[in-house]
Amino acid sequence: MSDIDRPNRYPLPPVMTVATLGLCYALHVFLPLGWEPEEVTTFARYTGVLLILIAFGMDIWAALTFRRHRANIMPHRAATAVISDGPFAYSRNPIYLANVLMVAGFGFALGSRWFFIGALVLFVLLQELAIKREERHMDAKFGATWRDYAKAVRRWI
């Protein structure tokens, strides 16, 4: 299949995110690389919870925007529209941005550096294994409409 038929193959972005969270948590439990629980301040915990809530909010906002446009949200299926409103007016990839924020949020909430490392690794994986593929797909499918949108809105934020 070409880029115009199917933007993503395995590993799918949601799988990368869940795997990153799981691996970071396992490392946090079995090979701690963080602060001692008493050193994790209330401010850091609340910052983490706030980041996680913001991430969920961004995901919901993006999903509702896809729904309103009756557009495909599944990363392994062909795009059906170039969406430029809602969170997509600020980021071409608000769901992936939310995923990275969520992983970092767990780092603050649990006081574990593994999640910060995981957020950085997830950022790179999403960029290289999902976003670049999706951008080729969008360019092949929507041409100038996509390129104009890509010039106007940043990839991440």
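No experiment lies behind these values; they were computed from the predicted model shown.
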_Minimum heavy-atom separation for Met138 and Ala81, please, with both atom names._
CE-O, 3.7 Å
_For Asp148, all residues meeting side chain to side chain donor-acceptor pair (under 3.5 Å), sequence neighbours excluded_ = none
*Please go through Phe43's hydrophobic cluster and name the other residues, only I, L, V, M, F, W, Y counting, with side-chain heavy atoms under 4.5 Å joining them.*
none
*With sequence neighbours excluded, what pairs up with Asn99 under the side chain to side chain donor-acceptor pair (under 3.5 Å) test?*
Thr17
*Quick one: ring-ring contact (aromatic ring centres under 6.0 Å, His included) pairs with a partner in residues 50-72, sequence neighbours left out?*
Phe66-Phe88
*Could you pull out all residues at least two apart from Glu135 that satisfy salt bridge (charged side-chain N to carboxylate O under 4.0 Å, His left out)?*
Arg92, Arg155
*Any chance you could measure Leu12, atom CG, to Met74, atom CE, to the nearest 0.5 Å?*
8.0 Å
*Closest non-hydrogen atom pair between Ile83 and Ala71, with its separation*: CD1-CB, 3.7 Å
*Looking only at atom types and distance, does a side-chain atom of Lys141 sit under 3.5 Å from a main-chain N or O of Ala78, one as donor and one as acceptor?*
no
_Please determine whether side-chain contact (heavy atoms from CB on, under 4.5 Å) holds for the pair Arg136 and Lys132, giving the CA-CA distance in whole Å, both sets of side-chain angles, and the decisive distance to 0.1 Å._
CA-CA 6 Å; Arg136 285 191 304 269; Lys132 288 184 178 179; 4.1 Å; yes
_Non-hydrogen atoms of Leu21 and Met102 that approach each other most closely_ = CD1-SD, 4.1 Å
*Who pairs with Trp156 by ring-ring contact (aromatic ring centres under 6.0 Å, His included), at least two apart in sequence or on another chain?*
Phe123
*Does Val100 share a hydrophobic cluster with Ile54, counting links as ILVMFWY side-chain heavy atoms below 4.5 Å and allowing steps through other members?*
yes
_For residues Leu120 and Ile52: do they belong to one hydrophobic cluster (side chain heavy atoms under 4.5 Å, members Ile, Leu, Val, Met, Phe, Trp, Tyr)?_
no
*For Arg68, check side chain to side chain donor-acceptor pair (under 3.5 Å) against everything at least two apart and list the hits.*
Asp85
*Side-chain contact test, heavy atoms from C-beta onward, threshold under 4.5 Å: evaluate it for Tyr25 versus Val29 and give yes or no.*
yes
*Thr80 side chain to Asn72 main-chain N or O, any donor-acceptor pair under 3.5 Å?*
yes
Side-chain donor-acceptor contacts of residues 103-112 below 3.5 Å, not counting sequence neighbours, with atom names and distances?
| residue | atom | partner | partner atom | Å |
| --- | --- | --- | --- | --- |
| Ser112 | OG | His28 | ND1 | 3.2 |
| Ser112 | OG | Trp114 | N | 3.3 |

*asked:* With salt bridge (charged side-chain N to carboxylate O under 4.0 Å, His left out) as the rule and sequence neighbours excluded, what pairs involving residues 93-122 come up?
replied: none
*Does the side chain of Ile117 reach to within under 4.5 Å of the side chain of Leu27, using non-hydrogen atoms?*
no
*Might you point out which heavy atoms bring Pro13 and Tyr96 nearest each other, and give the distance in Å?*
CG-OH, 3.1 Å
_Using every non-hydrogen atom in the two residues, find where Thr65 and Gly86 come nearest and quote the distance to one decimal._
OG1-CA, 4.1 Å
*Considering non-hydrogen atoms only, spot the tightest contact between Pro75 and Pro14 and give its length.*
CG-CD, 4.0 Å
*May I ask you to list the residues sharing a hydrophobic cluster with Val49, side-chain cutoff 4.5 Å, ordered by chain and number?*
Leu53
*Evaluate side-chain contact (heavy atoms from CB on, under 4.5 Å) for Thr20 paired with Phe115, printing each intermediate quantity in order.*
CA-CA 8 Å; Thr20 299; Phe115 288 90; over 6 Å; no
*Which residue pairs pass the salt bridge (charged side-chain N to carboxylate O under 4.0 Å, His left out) test when at least one of the two sits in residues 57-67, sequence neighbours left out?*
none
_Test of understanding: with ring-ring contact (aromatic ring centres under 6.0 Å, His included), list the residues that count as partners of Phe142, not counting sequence neighbours._
none
*Please examine the side chains of Ser84 and Val153, heavy atoms only from C-beta on, and report whether any two atoms are closer than 4.5 Å.*
no
_Would you say that more than 12 heavy atoms from the other residues, nucleotides or ligands in this model lie under 6.0 Å from the CD1 of Ile157, or not?_
no
*For the hydrophobic clusters of this structure (ILVMFWY residues joined by side-chain heavy atoms under 4.5 Å, transitively), does one cluster hold both Tyr90 and Leu64?*
no
*asked:* Please determine whether residues Leu50 and Met58 belong to a single hydrophobic cluster, defined as Ile, Leu, Val, Met, Phe, Trp and Tyr linked transitively by side-chain heavy-atom distances below 4.5 Å.
replied: yes
*Output the distance between atom NE2 (His137) and atom CG (Asp139), rounded to the nearest 0.5 Å.*
11.0 Å
